[in-house]
Amino acid sequence: MSRIVIVGNGPAGHRLAELLRTRAPRAAVTVLGAEAEPAYNRVLLPSVISGKLSPEQTYLAGHDSGTVTVRRGAAVTGIDRERRTVRTADGLLHPYDELVLATGARCFLPPLPGLTGAGGEPADGVVALRTLADCRRLEDLLPRAGSIVVLGGGVLGLEVARALGERGHGVDVVHMGPHVMERQLDAPAGKTLAGVLGRLGIRIHTGRAAASWTGGRLVLDDGSGLPAGLVVVSAGVQPNTELARAAGLRVGRGVVVDDHMRTSDPRIHALGDCAEHAGLVPGLIAPAWEQAETLAEALTGGDRPYTATRTVTRLKARGVDLAVIGDGNHDLPGAEVVTLADPARGQYARLALQDERVVGAILLGFPSSVAAVSQLYDAGAPTPVDRLALLAGRAVAGRADAPGDLPDEAVVCRCNNVTKRALVAGWRGGARTPGVLARATRASTGCGGCAGAVEGICTWLNATREAADEAGDALCGGAGTVPAGEARDASPAGAGDAFVPAGAPRQERQPLPELLAR
């Protein structure tokens with residue numbers, strides 16, 4: 001029996017263990033997690049801060065198999081590559097045939113006067129947000145916080161600022177960059193977003209850095225100051241590479257891996273926030289899911305090389321509708337760029353095209369266009385001739401115009417990696433309303449941006465079931481039939497007639513942008 005040890009019980013390690021549970025049922029998989037918590041989705045931490053979710057609602061589903069053993073509170077202290085063992089803090093040795101490092105990353109804490117303790121840990125009144133324990137610490141500090149300063153105007157910093165603002169706290173965001181989210185947004189989009197946040201009561205200070213914190217006042221690099229009873233740090237992360245470095249593995253910014261997630265030791269692999277592939281450490285949840293798929297294939301005899309993941313970034317902040325699709329910010333050689341802006345109303349759109357296909361987009365205040373643009377980007381499909389209509393949400397996105405045309409593995413909820421296949425399976429299991437389907441699959445329980453998509457798929461499934469019941473025939477899937485009233489697991493890619501009653505006329509389709517963005 002093959003012994004696979006996974007160091008790290010975060011989303012990446014948990015996802016890999018779940019894949020191995022089904023694909024390698026004879027392997028003995030041991031997951032060693034330093035945190036005492038069950039595995040949880042870090043993407044949802046801002047929702048915990050806002051009160052939208054409880055900590056328990058971020059927990060990932062447990063492994064229901066005896067072949068996967070999860071040891072929580074088991075911090076790994078060393079790797080012996082010669083003997084193929086890892087040692088945990090309790091002195092136990094865990095032998096492995098294959099070792100996976102999913103050690104994640106930690107918050108970068110600027111070494112500023114007053115901000116850190118003697119050992120470099122956050123000072124009292126400072127929270128570096130990365131874990132559920134950090135959320136609980138923040139909760140304990142809030143009653144006496146008064147004014148709050150968030151250091152960092154990236155995605156997480158802005159989500160946290162908005163979550164705290166929703167709870168009635170005055171919030172200032174201090175950001176060193178020229179505008180917020182400069183990695184994802186161009187200058188006009190950053191300025192428009194700052195205006196939207198300002199109208200929500202969040203004060204943005206760009207081009208400024210913190211110099212010191214006195215416990216009640218944050219001093220900036222220009223000598224000015226801000227009242228700050230509490231400082232929340234969201235100034236980037238550092239991959240946890242100490243174990244790999246001590247074991248003699250090749251380390252750059254992260255643990256260096258090849259296209260199959262192998263490190264410089266072929267028996268040791270890495271994925272997620274600690275892994276560096278092709279010189280990049282993505283630091284996003286979507287690449288971690290893709291890397292888990294690649295590694296699961298590699299560990300079970302397959303060959304599925306990892307390539308850069310197509311990403312869609314959503315800002316999970318109430319009252320702000322922002323999606324960044326692909327490389328929305330940068331000017332690509334030969335790209336055609338279409339922009340649409342109304343800053344006074346908080347709207348800005350930027351669409352970058354190469355060979356009539358979407359290579360990137362920024363959509364701020366255009367919720368009805370996100371679904372169509374995302375599907376065009378994922379499919380690599382040509383855009384409609386009328387690009388402005390596409391941005392305004394009035395264009396039909398080619399063949400991706402109905403749930404029946406979505407591939408089985410199309411990711412509907414990116415926060416929780418819920419595919420169309422999983423939604424159909426949840427519906428088959430009895431989740432016949434959008435709310436019940438969301439609870440069963442966790443789709444739309446993150447940023448909520450896919451709520452319309454989940455509702456549209458649920459409505460479509462219910463409608464085709466009713467049509468089948470009325471016809472008294474079986475529903476026709478892509479390859480055979482199933483009893484009336486029951487849907488197939490999922491339709492094959494491009495199977496536009498999936499879930500249409502046998503012998504019944506094809507139903508009129510609703511365009512995907514309208515269906516998914518309602």
Side-chain angles (χ1 to χ4, degrees), residues 181 184-189 192-193 284 286 290 307-315 321-343 345-414 419-420 449-450 452-453 456-457 460 491-496 508-518:
M181 289 180 60
Q184 294 88 9
L185 305 180
D186 61 5
T192 304
L193 177 58
L284 298 171
E290 291 289 333
T307 57
T309 305
R310 290 175 173 263
T311 59
V312 177
T313 303
R314 295 296 296 257
L315 186 66
D321 201 299
L322 171 63
V324 182
I325 298 167
D327 199 349
N329 183 15
H330 300 96
D331 292 322
L332 301 174
E336 175 189 359
V337 178
V338 180
T339 59
L340 193 61
D342 188 354
R345 290 171 175 79
Q347 292 182 298
Y348 178 84
R350 184 181 193 269
L351 188 66
L353 307 168
Q354 281 185 328
D355 299 324
E356 305 298 320
R357 287 161 172 79
V358 177
V359 293
I362 299 170
L363 300 168
L364 173 59
F366 288 89
S368 60
S369 61
V370 173
V373 177
S374 296
Q375 291 300 327
L376 288 169
Y377 173 70
D378 286 340
T383 58
V385 174
D386 192 342
R387 280 72 174 274
L388 291 180
L390 174 64
L391 290 176
R394 296 194 301 269
V396 176
R399 281 291 298 166
D401 62 349
D405 292 325
L406 290 176
D408 295 354
E409 299 307 322
V411 178
V412 178
C413 175
R414 295 178 185 269
T419 62
K420 172 192 169 184
C450 64
I457 290 173
W460 165 68
S491 59
E508 189 70 20
R509 286 184 180 160
Q510 207 169 356
L512 183 68
E514 182 179 342
L515 181 66
L516 299 192
R518 66 170 70 161

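Sequential numbering from 1 along the given sequence is applied to the chain's residues.
The side-chain heavy atoms of Y348 and D186, taken from C-beta on, include a pair separated by under 4.5 Å. Side-chain contact between R350 and L391: absent, with no pair of heavy atoms (C-beta onward) separated by less than 4.5 Å. F366 has its side chain within reach of L340: a pair of non-hydrogen atoms, C-beta onward, lies under 4.5 Å apart. With contacts defined as side-chain heavy-atom distances shorter than 4.5 Å, the pair V338/L390 does not qualify.
When all heavy atoms of A392 and S368 are compared, the pair lying nearest together is O-OG, 3.3 Å. Residues R357 and P382 come closest through the heavy atom pair NH2-CG, 3.5 Å. Contact between V358 and V373 at its shortest, heavy atoms only, is CG1-CG1, 4.2 Å. Taking each heavy atom of V359 and L353 in turn, the nearest pair found is CG2-N, 4.1 Å. The minimum heavy-atom distance between L376 and P384, with the atom names listed, is CD1-CD, 4.0 Å. Between R314 and A323 the shortest heavy-atom distance is CD-CB, 3.4 Å.
To the nearest 0.5 Å, atoms CG (L363) and CG (L351) are separated by 7.5 Å. In this structure, the separation between CZ on R345 and CG on L364 is 14.0 Å, given to the nearest 0.5 Å. Atom-to-atom distance recorded for I325:CD1 and Q375:CD is 10.0 Å, nearest 0.5 angstrom.
A side-chain donor-acceptor contact under 3.5 Å links T383 to the backbone of E356. Checking side-chain atoms of Q354 against main-chain N and O of P333 turns up a donor-acceptor pair under 3.5 Å.
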task: Decide side chain to side chain contact (heavy atoms under 4.5 Å, CB included) for L322 and Q184; before the verdict, give the C-alpha distance in whole Å, the side-chain angles of both, and the deciding distance to 0.1 Å.
output: CA-CA 11 Å; L322 171 63; Q184 294 88 9; over 6 Å; no
